[in-house]
Amino acid sequence: MEIIKQQEEVEKLDTVKKNSPLKVFIVDDDEYFNNILQSYVSKIGKEINQPMEASGFLNGSDCLKEIKKDPDYVILDFYLDENNDITLTGYDVLEKIKKYNPDIKVIVISQMHEWENFKEEFRRFGASDFLKKDDDLYNNLKEMMRQSDIDLQ
């Protein structure tokens, strides 16, 4: 009987989690692009029937100040340039996020041409995946979120 009660509690928690919005932090110093990503996240949530809350940050410091809100995802720009003075790089922010909570999924995003040279280094820092800022960005992000091990269905 006790096992049945425990299973029911787990099922209740799973239902609550499925109905609660996923929290997505977007860290990109390009305000226009940051807003585009926020709208993409909202649209993807509707398409895959998973509520999502997107919060945008124009620098790593502001994101880290809010990290205690425990986002499910952080979409992190590779190059962060705060007033043309690189104070926190993508590496720095990723490392601090992973120290705080290694379960947060961090997707590194960039339009760099030498992208392949940096993938392994970011993986060592704990990046979950990578996105290029290109014409396929929306569909690639949607697929990543759909295939994530965060239970979306």
Side-chain angles (χ1 to χ4, degrees), residues 14-153:
D14 285 347
T15 301
V16 168
K17 184 176 180 182
K18 288 176 192 174
N19 293 330
S20 355
L22 289 179
K23 288 182 258 176
V24 181
F25 283 10
I26 298 164
V27 186
D28 195 309
D29 55 355
D30 179 334
E31 187 172 3
Y32 176 76
F33 192 74
N34 195 307
N35 288 329
I36 288 173
L37 284 172
Q38 289 180 61
S39 68
Y40 280 4
V41 166
S42 176
K43 184 176 177 184
I44 288 169
K46 290 175 185 163
E47 288 181 13
I48 65 175
N49 201 26
Q50 170 63 51
M52 295 194 197
E53 293 175 355
S55 300
F57 302 95
L58 298 176
N59 59 64
S61 299
D62 289 345
C63 170
L64 293 172
K65 287 176 189 171
E66 299 293 320
I67 202 67
K68 289 187 175 149
K69 291 183 178 178
D70 291 318
D72 298 291
Y73 288 97
V74 175
I75 300 172
L76 175 64
D77 189 17
F78 179 85
Y79 285 114
L80 292 176
D81 184 12
E82 196 172 300
N83 300 322
N84 296 321
D85 174 28
I86 298 176
T87 54
L88 279 177
T89 67
Y91 290 116
D92 297 329
V93 176
L94 175 59
E95 184 177 39
K96 290 176 186 300
I97 290 170
K98 289 301 184 169
K99 279 183 182 174
Y100 168 74
N101 181 350
D103 293 331
I104 295 173
K105 303 256 179 262
V106 180
I107 299 170
V108 177
I109 189 167
S110 182
Q111 60 188 9
M112 307 188 319
H113 299 289
E114 60 280 347
W115 182 247
E116 293 301 319
N117 299 332
F118 293 94
K119 275 188 173 183
E120 279 311 307
E121 193 168 348
F122 267 100
R123 283 202 198 285
R124 283 194 302 268
F125 277 86
S128 302
D129 221 326
F130 306 89
L131 276 174
K132 288 183 183 176
K133 292 180 180 179
D134 62 12
D135 293 339
D136 297 322
L137 174 66
Y138 179 82
N139 290 327
N140 291 336
L141 178 60
K142 181 177 173 181
E143 195 59 29
M144 279 180 194
M145 296 184 117
R146 181 181 281 154
Q147 292 184 3
S148 169
D149 63 2
I150 296 174
D151 189 7
L152 296 177
Q153 301 295 337

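Any value given below was found using the heavy atoms of this structure, including those in side chains, with hydrogens, waters and symmetry copies removed.
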### For the student: nearest non-hydrogen atoms of G60 and V93, plus distance
CA-CG2, 3.6 Å
### Query
Looking at residues at least two apart in the chain, or sitting in another chain, which of them share a ring pair (Phe, Tyr, Trp, His ring centres under 6.0 Å) with F125?
Y91
### Pairwise distance CG(D92) to CG(L76) - rounded to 0.5 angstrom
10.0 Å
### Query
Would you say the side-chain atoms of D136 pair up with the backbone N or O of N139, donor to acceptor, closer than 3.5 Å?
no
### Message
To the closest 0.5 Å, what do you measure between CE (M52) and OG (S20)?
### Response
12.5 Å
### Query
With K99, which residues qualify under salt bridge (Lys or Arg N to Asp or Glu O under 4.0 Å), at least two apart?
none
### Task
Might you confirm whether atom NZ of K133 has over 12 heavy atoms from other residues, nucleotides or ligands at distances under 6.0 Å?
yes
### Task
For residues K105 and S128, report the shortest heavy-atom separation together with the two atoms involved.
CA-OG, 3.4 Å
### Task
Report yes if the side chains of L58 and D28 come closer than 4.5 Å at any heavy-atom pair, otherwise no.
no
### Task
Assert yes or no for the condition that the ring centre distance of F122 to F78 is strictly below 6.0 Å.
yes
### Message
Under the side chain to side chain contact (heavy atoms under 4.5 Å, CB included) test against V74, which residue among V24, I97, I26 passes?
### Response
I97
#### Entry: Nearest non-hydrogen partners of D62 and N59, listed with the distance
N-OD1, 2.7 Å
### Query
Rounded to the nearest 0.5 Å, how far does CZ of F130 lie from CD1 of I109?
12.5 Å
### Message
Can you confirm whether D135 is buried at CG, in the sense that more than 12 heavy atoms of other residues, nucleotides or ligands lie under 6.0 Å from that atom?
### Response
no
Please tabulate, one pair per line, all N/O donor-acceptor pairs under 3.5 Å involving side-chain atoms of residues 38-46, not counting sequence neighbours.
unit_1: Q38; atom_1: NE2; unit_2: N34; atom_2: OD1; d: 2.8
unit_1: S39; atom_1: OG; unit_2: I36; atom_2: O; d: 2.7

#### Entry: Reported CE-to-CG distance for the pair M144 and D129, which is rounded to 0.5 angstrom
3.5 Å
### Query
When rounded to the nearest 0.5 angstrom, what distance separates CG in L94 from CZ in R123?
11.5 Å
### Message
If you apply the rule side chain to side chain contact (heavy atoms under 4.5 Å, CB included), what do you find for I75 with L141, and how did you get there?
### Response
CA-CA 10 Å; I75 300 172; L141 178 60; 3.9 Å; yes
### Any pair counted as ring-ring contact (aromatic ring centres under 6.0 Å, His included), so long as it reaches residues 42-69, sequence neighbours left out
F25-F57
#### Entry: Close side-chain approach of I67 and N101, heavy atoms under 4.5 Å
no
### Query
Donor-acceptor pair, D134 side chain versus L137 backbone, under 3.5 Å?
yes
### Query
What pairs with K69 under salt bridge (Lys or Arg N to Asp or Glu O under 4.0 Å), at least two apart in sequence or on another chain?
E66
### Under 3.5 Å: donor-acceptor pair, side chain of D72, backbone of K23
yes
### Message
K142: which residues meet the salt bridge (Lys or Arg N to Asp or Glu O under 4.0 Å) condition with it, sequence neighbours left out?
### Response
E47
### Task
For the residue pair Y100 and D70, confirm or rule out a side-chain donor-acceptor distance under 3.5 Å.
yes
### Query
Does any non-hydrogen side-chain atom of P21 lie less than 4.5 Å from one of E53?
yes
